[in-house]
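Comments concern the structure below.
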Amino acid sequence: MQTEMQRLPKAQPQCCCPVNQTTARWSSLDRICEALQWQMMPPMPARCRSTSSFLYWRASILQADDPFSMAVPKALGTIGKTLHAQYERWQPRARYKLQLDPTVDEVKKLCSTCRKYAKTERVLFHYNGHGVPKPTANGEIWVFNKSYTQYIPLSVSELDSWLQTPSIYVFDCSAAGMIVNAFTERQEWNASMKDCVLLAACEAHETLPQSPEFPADVFTACLTTPIKMALRWFCSRSLLSDSLDPKDIDRIPGRQNDRKTLLGELNWIFTAVTDTIAWNVLPHDVFQRLFRQDLLVASLFRNFLLAERIMRAANCSPVSFPVLPSTHQHHMWDAWDMAAEICLSQLQSLFDNPNAEFQPSPFFTEQLIAFEVWLDHGSEHKKPPEQLPIVLQVAVLHSQSHRFCAVILLGRFLDMGPWAVDLALSVGIFPYVLKLLQTTATDLQQILVFIWTKILALDKSCQVDLVKDNGHKYFIKFLDSVGAYPEQRGMAAFVLAVIVDGYQQGQEACIQAGLIHVCLRHLENANPHDTRDTHDTQAEPLLLQWLCLCLGKLWEDFPEAQMIGLQADAPLIYSNLLFEPQPEMCFSSFEVRASAVFALGTLLDCGFDSFRDGLGGEQDYDDDKKNMAELIIVKSLLKVVSDGSPLVRAEVAVALARFAFGHNKNLKSLAAAYWKPQPNSLLSSLPSLANIRSSSGAYSSTSQYIQPGSAIPSQIGPVLRVGSDSTGVGQDGSVSTSSPLASSGIMHGSPLSDGSFRHSDSGELSIDGTSNGVINFTRPRSLDTALYYKCIMAMYTLAKDPSPRIASLGRQVLSIIGVVQVVTKALRPNTGSVRHGESMSASPAPNFPGLARSSSWFDMNAGHLPLTFGTPPVSPPGQSFLTGMGRVYSLEFRPHQLNSPDSGLPDPLLGSGGPSAVLERSFLPQSIIYNWSCAHFSRPLLGATDDNEEMLAGREERQRFALDRILKCQHSSVGKLNNQIASWDTKFEMATKAALLQPFSPIVIASDDCERIRIWNYEEETLVNSFDNHDFPDGGISKLCLLNELDDSLLLIASSDGSVRIWKDYSAKGEQKLVTAFSSITGHIPGVRGVNAVVDWQQQSGYLYASGERSSIMIWDLDKEQLASCIPSPSDCSISTLSASQVHGGQFAAGFADGSVRLFDIRTPERPVCTRPHNQAERVIVSASQAGDIQFLDIRNETNAYLTIDTQRGSLTALAVHSHASVIASGSAEQNIEVFSLNDEQLSCIRYYPTFMARRIGSVSCLAFHPYRVLLAAGCADACVSIYVDDSSQAR
């Protein structure tokens, strides 16, 4: 024992610490030794005579069969220097320190010195315990005393206190697991040990291999020279052992960092294999910590996996902290063995001919093929692709051909969803793709932009490193290119928007790179109103949307950028995006309009001191120019106050809130005069109500408004609040119509006619009686007074919006100028229902799930993907049956609805503050278009289609059913239509106002004057669902329509006041969701009585036609959620009905109160051209009057009706014409239904219910035919809905 200890080096500690590192996270390496216990002879393991007595470190210096050919001191130094050189290969700039046979004081000094130089970087401590006794049971290692006469113990706690963290320890000695166990026990009560990594050669009860097959320091050899050690071990177990000399492995040509050489190829494959094994077996957080955060730690742990494989073969198990699962039998080692065999088989030919060309291994090609196979068949619910780490390496390090293939495959993988992006981030994709931005290869630009889009859609934190490495310049250059598809340039704009989002350094960098001028130039070139011949023919909604959002985020809270935008006439450029839609142009996309409004809103001066200080008073942009720009912005906002998209109106409300805050003093004074209380008000007689306050300011089912012209209800809730200086409600009645402002005619639909809002003269922002602070900001300038009035009217319109969320925003805006809504009226009786998804109080800030777009799909091969179309059949099948017919996509694919808690629209509240607190930005409602739009990129974009196979199959089945039924209707005679197959007591308190039969299921939908909706299955005689259209009914329902009936249909409900609401999942109990809501009669304030709006829906064109009393005819494009056209009414009489052609898109008929019928085509609105057919004769229109005469008109003879049917004798209340069968039905207030054929033949007359007592039916209020069957639904004043069928079995 003694002589053997003297012959072998006792210990070789070596330490290094990083000094002046270029990358702070990559640290270096240390090496230290510990020795024997004081005044005791430590136990020594007995050594076998066949034990290998050479160290792999000196294999090139010493003879393996002559370990004593060099003196012990010299051998000790040689081994230390060799180990030093191996570590230095990884960290050439690090500081290294060798300690051979150290004492306790030397170890302490060494550790303290390394930590001093390393500061917060990681220090590596490598302990080579060969020739030194194994650690004690307490985990103590051994060092010499000062006189080198005895071993003394060194405890783990002392070593840790000197070296501190972060650190990594390597223990190459027998029973090294004892040391790890001691560290682990210490870690349980020392939190700082969590940043400590340990690698040990064997378990606590094991001894290092003592076989001549292995070098004595096999663990250290695996950690520091993994390629040579792996090849030696492989050769000893392969068929190459007979033909390959192990010494030839040391002669492998090339360098490990040159992948074009044999040694570099092997090193690259080894790195890929070990990374792949680690990622597939380790938890992702552990993988990130050990294999991605520190280069040194990652290299050691890769090599540790090799050490486990090799030493397990010798019945020795390396251990680590953190503990790693066993990987020595992972199947990727087989891939390594095959790659090694292929590479080594070329070794002899390379020796014989140094000029011979090395043939790369097919390893990476095979792995890419395996990854592509997984992409074709894999999914989120299957095992992740194990080749993902390899694909990342190939994308950066391989040849150009392999790189392009890998990047394309990586893009396909990331497109599978956020889960795929999260997996890629767990592998460590960021540094790889960041490095790819340095490449100049043009073929990679488009897919790189796509990859970064997918990454930033999930992880915004990458913006810092992108700016640091000037990555923003790459995307600005790509955005300004004209060769890329517009969708791809839109993605580049998205990436830039994320870079500047809330990150001032990113904003400054993008300003310096000229991003503002690049975006404005492309927006201006795409403007159809620009007369210059510079139009960008590639203008596309996605690109325009993100150009707007990118600039909006760049201007947000950044005065310098705002000033540049104002100087570049940005308000004028953006205002052009809000014009009426142009043919073949994309500006009517609601996303583009909402984004443009957002960008304009960020240019408004909120009045914050930081903004004024940033502009600097008398600097480059004076107040007059700012006023002019602000005037353009506000006028642009006023154009879209009544936009058809709730998303646009929400952004208008947010922008007007900023404007109201900045111009608070002027707006407040005008609003105070506008709502000035009058002494002779009706409410002055109700002083007892003075102290009643509203319990909720949210738009819930518990609050209502007193409508103009209505009497005070018998049950009145909280009335109003006018501010702290008001003496009481009894002295603050409704504004008199004799008020000077009331008669000034400032704007149609003045809020003077509605007592719902009152002004708080004190300026106190009071919602529900709670003080939210006082506005005390004063501005040195003001705009035109008339413009202020228009802004107040716009705020009021928003506060009365059909969408609950928009109305909530509108009330918040009014509260900023002191107008507080506290007038309510009693709930409608016996209505205990609250719309599903609506809470009784304000909802919390919403999350933002993905926005499902209807267009702008990105196709890597073609760039564009056409939409598919599907429309209900209206005639027998023909060669071009569905040509040009489309369905409304924008509404159908919207995953979040307006009244759900996670809606795409916000429900922000004004923040609460002290009574005297000044409002800050948190009090203003926040925009949501940016987050709402970002979610689009989290969805699959490559090769995506609007319909999956299941949806297509369902649509085709419904089409076949509809066509079959249409043919039967057209070619079969109709018998007596008096056979009642179902009768339903709807339980409505008032008459059934409208009814609708679903085309493909036995469902009837009915509503009453209170806008309750009830859905009934007439075959099973069960109530399917029941809900309220909204909480403030006033006039009932004017129309029920189905949208996209061939797919998952949507229910359109038009109210008599002009409000339109569209619902999905309406037939699932309690699951109905409001998709969108808007006022179809512009210039009218929703909720006001006396409009009597009439609407009709046309599926082919996606148009909704609407009109009211003395109103123009509004034509709404529901796919774009925008007013497509407005046809002035050619008559002074009001329009009583509208009927759209279901064959020719854009054609409709209008019936007027004076008895005239006019036919329109939106292409030529000045003259009539077509009518709605009810049969094969497409030139016929049917009209009826309350007098009971039904006339059949042929538009080729506009003067006289060719057939007149007299029925109902002056009491006609309802009329229905079947779309395909020759049958017409009329209902009377005198309790009967008459059915006629189109040849003036009376088929039946229904007067009684088929009951035992033969009870008389009620007054008929509505009639509706089934679209594809001869079924008639009749609603009566007694709240019953009956279903009638003719006597033929075919109709049954």
What is the minimum heavy-atom distance between Leu515 and Cys550, and which atoms define it? CD2-SG, 3.6 Å
Do His522 and Asp480 have side chains that approach each other closer than 4.5 Å (heavy atoms only, starting at C-beta)? yes
Determine whether Leu437 and Lys473 make a side-chain contact, defined as any pair of heavy atoms from C-beta on separated by less than 4.5 Å. no
For residues Glu591 and Ser589, report the shortest heavy-atom separation together with the two atoms involved. OE1-OG, 2.6 Å
Test item: Asp501 side-chain N/O and Ala497 main-chain N/O as donor-acceptor pair under 3.5 Å: no
List the atom of Ala493, the atom of Leu479, and the distance in Å for their closest heavy-atom pair. CB-CD1, 4.1 Å
Here the gap from Met338 atom CE to Glu366 atom CD, rounded to the nearest 0.5 Å, amounts to 7.0 Å
Nearest 0.5 Å, please: how far is CG in Leu942 from CD1 in Ile408? 8.5 Å
Side chains of His936 and Gln545: donor-acceptor distance under 3.5 Å anywhere? no
Is the side chain of Thr439 donor-acceptor paired with the backbone N or O of Leu436 at a distance under 3.5 Å, no angle test? no
Checking Gln505 side chain against Val467 main chain: does a donor-acceptor pair fall under 3.5 Å? no
Assess the residue pair Leu423 and Met416 against the criterion (side-chain contact (heavy atoms from CB on, under 4.5 Å)); give the C-alpha distance rounded to whole Å, side-chain angles, the decisive distance to 0.1 Å, and a yes or no. CA-CA 11 Å; Leu423 281 178; Met416 298 182 76; over 6 Å; no
Worked verdict on Phe301 versus Leu199 for side-chain contact (heavy atoms from CB on, under 4.5 Å): CA-CA 8 Å; Phe301 268 95; Leu199 301 177; 3.7 Å; yes
Determine, step by step, whether Glu308 and Thr327 satisfy the side chain to side chain donor-acceptor pair (under 3.5 Å) criterion, reporting the C-alpha distance in whole Å, the side-chain angles of both residues, the deciding distance to 0.1 Å, and the verdict. CA-CA 8 Å; Glu308 184 194 18; Thr327 61; 2.8 Å; yes
Distance from Leu551 atom CG to Glu556 atom CD, nearest 0.5 Å? 12.5 Å
Donor-acceptor contact below 3.5 Å, side chain Glu265 vs main chain Ser361: yes
State, to 0.1 Å, how close Phe363 and Ala272 come at their nearest heavy-atom pair, and which atoms those are. CE2-CB, 4.2 Å
Distance, nearest 0.5 Å, that separates CG of Leu1046 from CD of Glu957: 11.5 Å
Going through the checks in order, is the side-chain contact (heavy atoms from CB on, under 4.5 Å) test met by Gln1072 and Asp1065? CA-CA 5 Å; Gln1072 69 278 352; Asp1065 300 331; 5.6 Å; no
Looking at side-chain heavy atoms only, is the closest gap between Glu1121 and Thr1076 below 4.5 Å? yes
Minimum heavy-atom separation for Val421 and Leu414, please, with both atom names. CG2-O, 3.6 Å
What I'd like to find out is whether the side chain of Phe304 reaches to under 4.5 Å of the side chain of Leu324, using heavy atoms alone. yes
Between CH2 of Trp452 and OH of Tyr474, what distance do you get to the nearest 0.5 Å? 11.0 Å
Would Phe937 and Trp546 count as a close aromatic pair, with their ring centres under 6.0 Å? yes
Do side-chain atoms of Lys1064 reach the backbone of Asp1048 as a donor and acceptor pair under 3.5 angstrom? no
Test item: Asp258 side-chain N/O and Gly264 main-chain N/O as donor-acceptor pair under 3.5 Å: no
Would you please test Leu496 and His472 for side-chain contact (heavy atoms from CB on, under 4.5 Å) and show each step? CA-CA 7 Å; Leu496 292 166; His472 61 285; 4.2 Å; yes
Could you tell me whether a side-chain N or O of Gln387 sits under 3.5 Å from a main-chain N or O of Ile369, the two making a donor and an acceptor? no
Heavy-atom side-chain proximity of Gln463 to Val500 below 4.5 angstrom: no
Main-chain N/O of Ser927 paired to Trp932 side chain as donor or acceptor, under 3.5 Å: no
Can you confirm whether Phe287 sits close enough to Arg292 that some side-chain heavy atom of one is under 4.5 Å from a side-chain heavy atom of the other? yes
Please report the interatomic distance CZ(Arg289) to CG(Asp294), rounded to the nearest 0.5 Å. 11.0 Å
Name the orientation class of the two ring planes belonging to His284 and Trp279 (parallel below 30°, tilted from 30 to 60°, perpendicular beyond 60°). parallel
Flag, side chain of Arg489 to backbone of Phe478, donor-acceptor distance under 3.5 Å: no
I'd like to know if the side chain of Asn280 and the backbone of Thr276 have a donor-acceptor N/O pair within less than 3.5 Å. yes
